Each structure stands twice: as C-alpha cells, then as structure tokens.
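Every heavy atom of this structure was used, including side-chain atoms; hydrogens, water molecules and symmetry mates were not. Keep in mind it's a predicted model, so treat the numbers as computed, not measured. Throughout, numbering of the chain's residues begins at 1 and tracks the sequence.
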Amino acid sequence: MFWLTEDAILKCAHGGVVKLHPIQHWVTIDKRAILVQGDPLHRSISTCPNATPVTPPCRRTVSVDQGASYSVLVRIGGLPICMDTAKGATDWSQLSTIPFTVSSPGQSLVTVGA
C-alpha cells in the first residue's frame, strides 16, 4: 500500500475529482505533503458529470472508511496517514451516496503495511 500525498487523485464513482488540501506540511515525500486522517473528509468534488434535472452532481466527500483509509502503524502529529486503499462516500443525492476511491496515490516511493 502506498502513502497518499497532496498529488493523490481521488475520484467519485462518476469520475469527479476530490480537491485535496493537506492539513500538515512538515512531513513530505519528494516535497509533497503526506495526507493524514481528516484530509479526504469534507472536501469538494469538481467535474462530476452525473448531474440530472433532479439530482445534483457529487459536490463533497461526506464520510471516510476509517479501516480501509488509514494506517494503524504510521502517524504524523498523532494522526494516521492515508493509504491508497482510502475510500468513502460523497453527497451525490439525498437518497443515496456514491463511493469515492483512490485513482493514484500521488507517489510511488513509500509504502506501508496496514
């Protein structure tokens, strides 16, 4: 499993891209901040193509699967790092949520066990 950096690409199931803003900047890989717990949560989503007259596109991430998304071994500032197995849900509609997953970890140098 690869660690996620600020260059990671997370997408909703429709293909919209999660906008990441890392909350820590002191630990980096190749000068790019490593993502930690909280980074993928409540982030905006751009270019989700699944808008209909009755359903808006995915706009934000609303939950993160804690077990799949974060390392139980490695922490930065007390917060677990995000791994390329990260996943969660978006706010696609009031009736249903749509998953988001990692498309690219943003780096290929550092890995970690769960």
Side-chain angles (χ1 to χ4, degrees):
M1 289 179 272
F2 287 100
W3 297 16
L4 297 186
T5 70
E6 62 187 293
D7 294 332
I9 300 171
L10 283 64
K11 292 184 176 183
C12 73
H14 307 122
V17 178
V18 177
K19 293 182 181 179
L20 297 170
H21 304 284
I23 59 177
Q24 72 82 33
H25 293 277
W26 60 91
V27 181
T28 63
I29 297 173
D30 204 20
K31 299 182 183 179
R32 307 304 290 164
I34 296 168
L35 300 183
V36 296
Q37 183 178 29
D39 280 330
L41 186 59
H42 302 300
R43 299 298 184 211
S44 62
I45 297 172
S46 63
T47 64
C48 176
N50 202 42
T52 69
V54 295
T55 307
C58 296
R59 293 187 178 138
R60 297 190 71 72
T61 59
V62 295
S63 68
V64 176
D65 181 332
Q66 301 286 320
S69 301
Y70 305 119
S71 172
V72 297
L73 300 175
V74 181
R75 294 175 179 267
I76 298 172
L79 297 172
I81 62 157
C82 294
M83 300 180 301
D84 65 355
T85 52
K87 61 183 180 177
T90 73
D91 65 347
W92 178 57
S93 80
Q94 293 189 16
L95 301 175
S96 177
T97 58
I98 291 295
F100 72 85
T101 56
V102 175
S103 213
S104 168
Q107 62 87 25
S108 60
L109 300 172
V110 182
T111 62
V112 68

> Rounded to the nearest 0.5 Å, how far apart are CD1 of Ile34 and NE2 of His25?
Replying inline: 12.0 Å
> Do Val17 and Ile98 share a hydrophobic cluster, counting only Ile, Leu, Val, Met, Phe, Trp and Tyr and linking them when any side-chain heavy atoms are less than 4.5 Å apart?
Replying inline: no
>> Give me the atom names and distance for the closest heavy-atom approach of Thr61 to His42.
In response: OG1-N, 2.9 Å
> What's the spacing between Asp84 CG and Ile9 CD1 if we round to 0.5 Å?
Replying inline: 13.0 Å
>> Minimum heavy-atom separation for Leu109 and Phe2, please, with both atom names.
In response: N-CE2, 4.3 Å
> Considering only heavy atoms from C-beta outward, does the side chain of Arg60 approach that of Thr90 to under 4.5 Å?
Replying inline: no
> Is the shortest distance from a Lys or Arg side-chain nitrogen in Asp91 or Arg59 to a carboxylate oxygen in the other one below 4.0 Å?
Replying inline: no
>> If I compare all heavy atoms of Gly38 with all of Tyr70, which pair ends up nearest, and what's the gap?
In response: N-OH, 3.4 Å
>> So which atom in Cys48 and which in Pro57 form the shortest heavy-atom distance, rounded to 0.1 Å?
In response: O-CB, 3.5 Å
> Roughly how far, to the nearest 0.5 Å, is CD of Glu6 from CG of Leu20?
Replying inline: 9.0 Å
>> If you compare all heavy atoms of His21 against all heavy atoms of Asp39, which two are closest, and at what distance to 0.1 Å?
In response: O-OD1, 3.5 Å
> What's the spacing between Ile81 CD1 and Thr5 OG1 if we round to 0.5 Å?
Replying inline: 11.5 Å
>> Could you check whether any side-chain heavy atom of Ile23 comes within less than 4.5 Å of a side-chain heavy atom of Val36, counting everything from C-beta outward?
In response: yes
> Do Lys87 and Pro99 come within less than 4.5 Å of each other through their side chains, counting heavy atoms only?
Replying inline: no
> For the residue pair Met83 and Ala68, what are the closest heavy atoms and their distance?
Replying inline: CE-O, 4.1 Å
> Rounded to the nearest 0.5 Å, what separation is found between the NE2 atom of His14 and the CZ atom of Phe100?
Replying inline: 14.0 Å
>> Counting C-beta onward and ignoring hydrogens, is there a side-chain heavy-atom pair between Trp3 and Thr111 closer than 4.5 Å?
In response: no
> To the nearest 0.5 Å, how far apart are NZ in Lys19 and OG in Ser46?
Replying inline: 4.5 Å
